[in-house]
Structure formats: C-alpha cells, structure tokens
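Single-structure report; data block below.
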2 protein chains.
Amino acid sequence: MVPTTIWLVEDNVRYRNTLAGVINRAQRMICSQAFARCEEALDLLQHTPPPDVILLDIGLPGISGIQGLEKFKQIAPATHIIILTVYDDNDKVFNALCAGASGYLLKDSTPEKIIAAIDEVLAGGAPMNMQIAHKVLEMFTRLKPVQADYGLTEREREILQQLVSGLTKQQIADKLFISFHTVNTHCKNIYSKLHVNTLSGAISKAYREHLI
Amino acid sequence: MVPTTIWLVEDNVRYRNTLAGVINRAQRMICSQAFARCEEALDLLQHTPPPDVILLDIGLPGISGIQGLEKFKQIAPATHIIILTVYDDNDKVFNALCAGASGYLLKDSTPEKIIAAIDEVLAGGAPMNMQIAHKVLEMFTRLKPVQADYGLTEREREILQQLVSGLTKQQIADKLFISFHTVNTHCKNIYSKLHVNTLSGAISKAYREHLI
DNA sequence: TGCAAAATACCACAAACGTGCGATTGTCCC
DNA sequence: GGGACAATCGCACGTTTGTGGTATTTTGCA
C-alpha cells in the first residue's frame, strides 16, 4: 500500500523535526520533505510530483503561509493543505480558508489530532480545532443579509436592478417597454424610499444592503 | 450540579423518542421538552426559561427548521441550536449557518457523536459532520475575491471609492482638494480602464469585482 | 362598490455627467 | 537626456439626471 506523502513548511526547527517524527511514526504516512520557507517548497513543487498533503505554517519569513497557500494551490490543486499555526484571528482564518485551505489546526493540537486531521482530509473532511470551527460559523452569521425593508414595490426593485446593471433610464424604458417618464417616476420614488438623491447612492445602498 | 437542559424539535416520533432516550441516559443532560413542530416550541419559549441547547430538524411541517431557528435566536439568543437533519445541500447548510446555528449534524450520526456535539457547543465549539465541514470550507473558497486587475492607479482607486460612496464629482474635488476637472479626467480614465461609460456601470463593476 | 396603492405617462428646467480636445508638472527609469 | 506615466488643470458641448409638478389607468382588497 502506497503511503501518504506529506510535506512540512514550518520555520521553527524543533517543531518541524518533532512533527516529522510524529508523521513518520504513523501508519502509512511519510514526511518526504520539510522546509523552513514557502519559497523552497514552491521551487521543489515545480519539478517534483506533489505530495498528498502539506502542513503549512502561517507566520513564515519571506512570503507568508497564506500567499504560499495560493501559489501551492495553483501548482498542485489536488494537494490538501492544512494550516498549522498559532494564529487564530478572524482575518487569518478567513483568508486562509478563502485561499483554499482544507483544514485549520492550532499548534496546541496533540500529535494524535494532527494525524487524525491528515486522515480526515484524505477522507474528504475538513479538520478544524473547536475554536476555529466556532469562528467559522460566526463568520457565516455576519454574512447574513440584513435585508432592510425600504418598502420598494416589485416594479421599483426591477428598475433598481436595471440601474444597478448599468443601464440608463432610456435603456431601461426600452427594455421594459415603458416610457422614459415612467422610469423617471419610479426612480424618484426609489430615491425617496432609499433616502438618497444620486444614482451612485442608490446603487451603493442596493449592493451594501442586499436589496438586489 | 445542574444538568444541561435540551429541547428536541423533530417530527418523526420514533427518532424523537430514541433521541430523548439517548440524551437522558447521558451524564448531566436532560431532555426536558420534545416537539414535533417549531410552533409548539416557540410558544413554550415565550413563557419558559430557554434550554441550553435545542436539537432542531429542518424538514418540518409548518414553519421550517431554518425559519424557526431565526425565531428561536430572536427569543433566546444564548441558546445553542444544533441542526440535526438528513439534508446536506449547500443551500440548507448555508442558510442554517447564516441564521445562527451552533452546529450541523446529519442524522446518520451515532448517539455518541450527538452527545459529544452537545458537549462541544457548551465548550464553545461548533460540531459538524466531516462532510458538512468540508462544504463549509468550500463555501469560503467561493467567497474569494477574484480581484481582476484593470490597471487602476492608486489615485483612480481613491476616486472610484468616493464615487461608490455616492459623492458627485464636485464633492470629490472639494474633499480631495483638487479641481473638478482633475476628478473629471480621472473618471474618464477609470471608465476607459473598466470598459464602462456610465457611473452606474463603474460602481457595479467595482462592487462585483471587489475593486474597492 | 369604492378606496388606496401601484404603475403608467407627461412637462420643464437646473444640475450633473460623458467626452472630445489640449496642456503642464513631477517622478521614475533606462 | 529622453521617454513613459501619473497627476494635475482647463474648456466646450451635447446627454443624462434630479426634481418640481400633474394626471390617468390598473389592481387588490375591504
């Protein structure tokens, strides 16, 4: 049975060696490469078959783990990348996950957890520490459209939609088979309901408050 | 020691009873209420201290679990709600998490997993099945800004930013201490670079492609 | 049946925008 | 020294928008 190949990118020598030891002692896993910097790993990735999994630190000298992550994914999209870091701030977590991380572990994770995480990504999962998972769900609640209700009618929403798409009033009139004057009237009502008095204000409000 | 109080909302009688049994056999947990419909639970929540955790199905008669989730959260924001359902489509997962679910389990979860999930939310975690966690991370990669580069200069981005915020050219000129003509020229260049010829087109492009 | 809201249409005028030109200054880099 | 680029400023003119009105028809609902 072919063992799972794993690369490490971690600048702390001792932690890197410890990790490599943990992985190599696990069944069917081999830590075939370990680097202190993303640049080295990226170089090698150009001429070598990619590993199954990369364990990646974020706080690295040179290009950061998150920037590196994007580049890794460009070269080897199928390789799973698990972030292993001390950083748990929303920004780092968010950016790492957007960049395509398959998992996010904190460095206080036990060796067993780390091995389990590798198994989990290979099984199609997304290993995360408890607190990271919690942050992730919190981020979702912030995405929730607040949907302020300005009492726009259906037709007004339709006109607003067309304005947002970049058409002029005349073009909207033509598209909806109504007169310019009607579109103009609708716009007046929309502006009044949204408390704006420019097109740009209306469009911005539409985007920001998910009116469209 | 006060036991953790748990409510169930699950329309299948047999599964509901099984779940209640599992919970009541666990240490320091009590299933104090079990409902077939959200409406009943919402009624009782008006006159009763809220439970610590609600296990909530999604496919319910009457108002759906996701709509119910929003109402539960309005009445009892501190209560943790764990979705327990057969549905694993992106839309349901996304909406449930946006509505404030603390966890998302599929019904093929073992009794041990369910009990562990309750413990996990109480400890500040966010229990999810492996496949759900994977979906969640996938959703993040879709959020990733594509950041098309239209070669806007720093000043042009600044002007665009002001346009998006709803100011007129004259207002921008005053704000940045430059002449109207300069703003006008920048606008011309912005429009040319973005391949648009109206303000609305520029603003929409800015929002849609995360230029700002 | 009758009322309120929504959708439609029109006019006029000032303000703001879009676009065609041209021009100067400063900076960076080869 | 010269070329490329960014930022600045200017003018003219036609187009579009924003806003003040008024008015008719359709539609939903009580």
Side-chain angles (χ1 to χ4, degrees), chain A residues 63 145-212, chain B residues 62-63 67 145-212:
Chain A
I63 72 172
V146 272
Q147 279 293 16
D149 181 19
Y150 291 95
L152 293 182
T153 69
E154 202 171 322
R155 194 57 152 176
E156 284 162 357
R157 263 194 301 278
E158 191 178 5
I159 304 267
L160 179 56
Q161 173 70 63
Q162 299 299 327
L163 287 174
V164 162
S165 79
L167 300 185
T168 67
K169 292 175 181 177
Q170 186 59 61
Q171 289 171 324
I172 296 173
D174 294 344
K175 188 168 179 181
L176 301 183
F177 303 109
I178 55 182
S179 93
F180 169 84
H181 303 291
T182 304
V183 177
N184 204 25
T185 303
H186 283 309
C187 284
K188 278 190 275 193
N189 295 330
I190 291 170
Y191 287 12
S192 150
K193 287 180 181 177
L194 297 189
H195 309 298
V196 299
N197 59 356
T198 58
L199 180 54
S200 47
I203 296 181
S204 286
K205 207 144 190 172
Y207 271 106
R208 280 204 255 266
E209 311 197 11
H210 302 90
L211 301 177
I212 39 100
Chain B
I63 70 172
Q67 291 171 301
V146 273
Q147 279 293 16
D149 181 19
Y150 290 95
L152 293 182
T153 69
E154 203 171 322
R155 193 58 153 176
E156 284 162 356
R157 264 194 300 277
E158 191 178 5
I159 304 267
L160 179 55
Q161 173 70 60
Q162 300 299 327
L163 287 174
V164 163
S165 79
L167 300 185
T168 67
K169 292 176 181 177
Q170 185 58 61
Q171 289 171 324
I172 296 173
D174 294 344
K175 189 167 178 181
L176 300 183
F177 303 108
I178 54 181
S179 92
F180 169 84
H181 303 292
T182 304
V183 178
N184 204 27
T185 303
H186 283 309
C187 285
K188 279 188 273 192
N189 295 331
I190 292 171
Y191 287 10
S192 150
K193 287 180 181 177
L194 297 189
H195 308 298
V196 298
N197 56 359
T198 58
L199 179 55
S200 48
I203 296 182
S204 286
K205 207 143 190 172
Y207 271 106
R208 280 204 256 267
E209 311 198 11
H210 301 89
L211 299 179
I212 41 101

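Keep in mind the model is a prediction, meaning the values are calculated, not measured. Chain identifiers are assigned alphabetically (A, B, ...) following the order of the sequence lines, protein sequences preceding nucleic acid strands; residue numbering begins at 1 within each chain. All values below come from the heavy atoms of this structure, side chains included, with hydrogens, waters and symmetry mates left out.
- The residue among A/F180 and A/K193 whose nearest nucleotide of DNA chain C lies closer to the 5′ end is A/K193.
- Residue A/T198 has its side chain nearest to D/dG18 when only D/dG18, C/dG18, C/dA9 are considered.
- Listed nucleotides C/dT8, C/dG18, D/dA7 differ in distance to A/R155; the shortest reach to its side chain belongs to C/dT8.
- Between the CG atom of B/L199 and the P atom of D/dG18 there is a distance of 9 Å, rounded to whole Å.
- Not one side-chain nitrogen or oxygen of B/T185 sits closer than 4.0 Å to the OP1 or OP2 atom of D/dG10.
- In this structure, A/I190 places its CD1 atom 15 Å from C1' of D/dT19, rounding to the nearest Å.
- For A/N184 against D/dT17, no side-chain N or O and base N or O form a donor-acceptor pair under 3.5 Å.
- Distance NE2 (B/H186) to C1' (D/dA6): 8 Å, rounded to an integer number of Å.
- Taking 4.5 Å as the limit, some side-chain heavy atom of A/T182 sits within range of a side-chain heavy atom of A/H186.
- Side chain of B/N197, nearest nucleotide from C/dT19, D/dC9, C/dA7: C/dT19.
- Between the CD1 atom of A/I178 and the C1' atom of D/dT24 there is a distance of 16 Å, rounded to whole Å.
- Residue contacts for B/T168: at a heavy-atom cut-off of 4.0 Å it reaches the sugar-phosphate backbone alone, with no base atom in range.
- Distances from the side chain of A/Y191 to the nucleotides D/dG18, C/dG18, D/dC11 place D/dG18 closest.
- Between A/Q170 atom CD and D/dT17 atom P there is a gap of 9 Å when expressed in whole angstrom units.
- The side chain of B/T182 places an N or O atom within less than 4.0 Å of a non-bridging phosphate oxygen (OP1 or OP2) of D/dC9.
- Pairing each heavy atom of B/A173 with each of B/F180, the nearest pair is CB-N, 3.6 Å.
- Ring orientation note: the planes of B/Y207 and A/Y207 are close to parallel, at an angle under 30° on the 30°/60° scale.
- The nearest whole Å value for the distance from the CG atom in B/D174 to the P atom in C/dA16 is 11 Å.
- The side chain of B/T153 sits closest to D/dA6 out of D/dA6, C/dT8, D/dG18.
- Atom CD of A/E154 and atom C1' of D/dT26 are 15 Å apart (whole Å).
- Between A/K169 atom NZ and D/dT19 atom P the separation is 9 Å, expressed in whole Å.
- Considering only side-chain atoms of A/K188, the nucleotide from D/dG10, C/dT8, C/dC10 that sits closest is C/dC10.
- Among all heavy-atom pairs drawn from B/I172 and B/L167, the shortest one is CG1-CB, 3.7 Å.
- Using a cut-off of 4.0 Å between Lys/Arg side-chain N and Asp/Glu carboxylate O, B/E158 and B/R155 are scored as salt-bridged.
- Which of D/dC9, D/dA7, C/dC11 sits closest to the side chain of A/H181 comes down to C/dC11.
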